[in-house]
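Everything below concerns the one structure shown next.
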Amino acid sequence: MNILSLDFETSIGTTIHGSTFRDPNNDIYTQIWAYNEYEVQLHHSGRGFNKTLVNRLDDVDLIIGHNLGFDLSYVWYDNAVYSYIVNGGKIWDTQVAEYLLTGQQHQFSSLAELQLKYLDEVEKPSRISALYKKGIGADAIVQAQYRCPRLWKLYNKYCKTDGITPIKIYKLQKKRAEKLGMIPIIELYNDYLLSIINMTVTGISIDVVKCEKTFRDFNLKHLQYLAQATNIVSKYWTDGALPTFNINSPDHKSAILFGGNIKVVEKKEIGVYKNGNPRFKNIERVVRVDGFRVPATISRPAKKLGLYATDDKIMQTIASKTKNPQLKEYCELQKQAMMYKKAANTYCKAFIDRSVDGLLYPNFNNTLTTTSRLSSSAPNMQNISKRNQFGKDLHSLFVAPTGWKCVQIDFSQLEIWVLALLSGDKLLIKHLLDGVDLHVVRLGYYNEDKTYDELYKLCKVDKDPYWDKQRTYAKTVSYQMAYGAMPKKVVASTGLDLGIVEKIFEKEAETYSEASNFGNSVRDLMQENVNFSLGMDIPNSQKKGKGGSRISKGYELLPIFDNSGNVFYNEEHRRKVGIYTSLTGKRYHFLNTGKVYKGELKSSFSFTQPKNYPMQGTASEIQAMTTAELLKACLIKGDRIKMINEVHDSKWFYVREDVLEPCLKWLKDTIEDVPKIMLKRFGLEVPFKFPCDIEIGNDFGNMEKYNV
DNA sequence: TACCTTGGCGCC
DNA sequence: AAAAGGCGCCAAGGTA
């Protein structure tokens with residue numbers, strides 16, 4: 001077996017796109033090819049390699065690297081990479097492996113950290129890394145090789161180490177993974193990484209002109225609402241020392257609604273200099289604002305003394321209770337002004353700033369979340385408004401290239417199907433397979449005078465506005481329950497009575513008893529499997545952030561406190577974590593929040609997390625394995641199907657118009673066939689397929705259902 | 001200036 | 001420090 005460790009040193013590029021492939025000016029200046037731990041080749045080019053590999057990959061069985069997404073995205077369009085992947089070539093990313101081996105606790109590990117952890121090698125402060133940090137990239141170093149021979153020697157040593165280290169780490173990781181039965185799950189997430197790279201490199205088309213126009217429109221709207229709101233508050237905002245009323249300031253909003261103090265800074269003359277110029281000093285004082293005098297009991301105290309929360313929920317309560325028409329109007333204006341500003345800056349502006357020639361290349365963070373879900377940033381493509389007034393405008397900025405269609409394929413009720421799979425609840429499975437509307441079932445829990453059929457007719461056939469709305473509430477409850485929320489939180493997000501929500505939970509537990517009990521069974525299992533936290537997995541020298549925040553996420557034997565605030569450092573009192581291993585071998589860690597009581601640690605674990613982590617985590621595995629399944633075809637049929645984005649249970653594509661039907665049929669069949677993939681990868685029997693819905697359109701704001 | 005925390009809100 | 005379903009981003013306000 002030939003293993004190859006691949007690593008590139010690149011230029012640094014602009015501050016917007018960093019050192020990644022996104023910046024068109026960036027290139028590779030050194031290629032490090034380490035074969036089987038002993039044969040290391042360094043290839044340098046002062047002109048850059050023009051994003052191509054120096055060698056073929058024909059005799060390579062496994063490519064190893066740390067954060068391979070970075071390197072492979074540079075050479076994704078190289079023929080050698082293409083044929084390697086199409087012929088089933090595999091990768092082992094030590095960052096991905098470490099993430100899974102630690103139960104998703106070690107996020108974005110650095111090579112230096114793993115070097116310490118596995119090889120006990122302390123990375124000496126390197127001149128090379130220091131240069132990189134200063135913005136001096138490999139291009140400059142390679143070009144200076146004859147001028148700076150000492151630096152050049154150092155650089156070559158640095159490169160060589162970076163090539164060999166991942167191979168050494170891989171061998172140890174593999175041993176650990178075999179012991180824990182984690183090889184299949186690590187292979188899955190490595191395959192998934194290839195699909196993620198493919199998505200990232202493809203990019204998402206935006207209509208830049210429309211984006212700029214929408215940005216301007218939203219800003220204009222913001223200013224209009226702001227002006228009206230400012231006009232209303234002007235009679236409460238009279239003190240000349242006050243700054244301009246700022247509708248985005250939590251301080252200002254709290255003060256104007258509930259009354260409060262606003263800190264102001266004034267320049268005060270405190271004498272004269274020798275040259276006769278006046279001497280000033282900044283004096284801080286507070287100005288009292290009475291505002292609308294809304295009773296603060298409607299809200300909740302903020303962290304800052306004397307300030308209160310002003311979120312949407314509270315604003316709605318105020319608007320519905322007040323008899324002051326001006327206040328009522330202000331509530332609506334504040335909301336609109338803020339929403340337009342958010343829509344403009346968080347989305348339109350970010351899209352414009354982040355795009356490169358009309359294409360967005362978001363970061364898909366694959367070693368970040370606790371549950372192994374993907375996360376997205378710069379821009380975040382997973383939280384673009386959909387249901388509110390901006391949903392259509394914002395999504396319609398994402399357009400299909402000429403001759404192509406936008407396609408979105410969603411798993412329907414993925415979390416519920418996952419719950420059925422994990423719990424094996426017979427009735428739930430039957431209901432899902434029969435197409436029973438679970439939201440209507442839940443509506444029935446607190447409308448006992450009506451049967452399922454009657455309610456179904458009212459909601460879905462007659463589309464009675466009242467019952468349709470009731471079903472929407474029930475739907476929200478359904479999803480909240482699936483996410484593992486407790487009744488209180490459901491009340492907060494739906495506005496339903498606590499009594500009703502509790503009844504729903506109660507009846508749900510009766511109806512789908514095995515499914516409802518799933519979380520408890522995880523918790524029981526996990527409570528039996530309490531381990532010490534991972535101890536010195538990351539040495540202190542690698543702590544990051546203030547006070548080593550990375551460590552506090554579970555890498556240190558944390559001291560714990562008793563009810564009187566006494567600190568216990570003894571081994572037997574150290575914090576422990578619960579570990580639960582899922583069907584597929586993925587490990588989840590749960591923080592033990594227990595305290596010391598009479599000298600002994602009483603374990604205590606959250607009720608919601610044990611339910612949520614395996615559900616969310618398994619859902620993400622299904623997303624990962626189905627996406628990975630598409631990769632080869634996406635490469636071979638790259639002129640017909642391009643995958644561009646994922647949002648947890650949905651996948652975004654461009655599909656060429658003239659081959660739409662066969663492509664969509666193939667995509668749907670492949671994605672829905674989770675049993676086939678589960679069997680192949682994990683040897684697990686899954687008794688049902690996972691149904692998907694397809695939508696198509698010319699842009700992602702104007703999509704219509706498509707039946708294959 | 002650069003970085004951190006808080007409040008608030010978008011998505012699944 | 002505890003504890004929460006999982007995330008990321010922006011603006012404000014504060015600190016070094």
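Each chain gets a letter, A, B and so on, in the order the sequences are listed, and its residues count up from 1. Keep in mind that what you see is a predicted model, and the values were worked out from it rather than measured.
Listed pair A:Thr370 / C:dC7 meets the phosphate criterion, a side-chain N or O lying under 4.0 Å from OP1 or OP2. At least one side-chain nitrogen or oxygen of A:Ser249 sits closer than 4.0 Å to the OP1 or OP2 atom of C:dG13. In this model, the phosphate group of C:dG8 is approached by a side-chain N or O of A:Ser375 to a distance below 4.0 Å at OP1 or OP2. Distances shorter than 4.0 Å separate some side-chain N or O of A:Thr608 from OP1 or OP2 on C:dG5.
Of the listed nucleotides (C:dG8, C:dG6, C:dG13), C:dG8 has the atom at the smallest distance from the side chain of A:Asn365.
Taking the six-membered ring for Trp, A:Phe218 and A:Phe390 have ring centres closer than 6.0 Å. Between A:Phe700 and A:Trp652, the ring centre distance stays below 6.0 Å. Ring to ring, A:Tyr580 and A:Phe590 are not that close: their centroids are 6.0 angstrom or more apart.
Put simply, the side chain of A:Thr346 does not reach to within 4.5 Å of the side chain of A:Asn380, judged on heavy atoms.
For the pair A:Arg523 and A:Phe607, the cation-pi test (distance below 6.0 Å, angle within 45°) is passed.
No contact: A:Lys611 has no heavy atom under 4.0 Å from any strand. The residue A:Tyr613 sits close only to the backbone: its heavy atoms come under 4.0 Å of sugar-phosphate atoms, none of a base. Residue contacts shown for A:Leu374 are absent, as no nucleic acid heavy atom lies under 4.0 Å away. Within the nucleic acid shown, A:Ala343 has no heavy atom closer than 4.0 Å to any nucleic acid atom.
The gap from the P atom of C:dA1 to that of B:dT6 amounts to 14 Å, rounded to the nearest Å.
The base-pairing partner of C:dA4, taking Watson-Crick or G-U wobble contacts with both distances under 3.5 Å, does not exist among the strands shown.
Summarising the local packing, OH of A:Tyr473 is surrounded by 12 or fewer heavy atoms from other residues, nucleotides or ligands at distances under 6.0 Å.
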Counting primed atoms plus P, OP1 and OP2 as sugar-phosphate and everything else as base, spell out the protein contacts along nucleotides 6-12 of chain B at 4.0 Å heavy-atom distance: B, S or - for each nucleotide, 5' to 3'. SSBBBSB
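Judged by closest nucleotide on DNA chain C, A:Ser604 is the one of A:Ser604 and A:Gln609 placed further toward the 5' end.
In this structure, A:Phe607 atom CZ and C:dA2 atom C1' are separated by 16 Å, rounded to whole Å.
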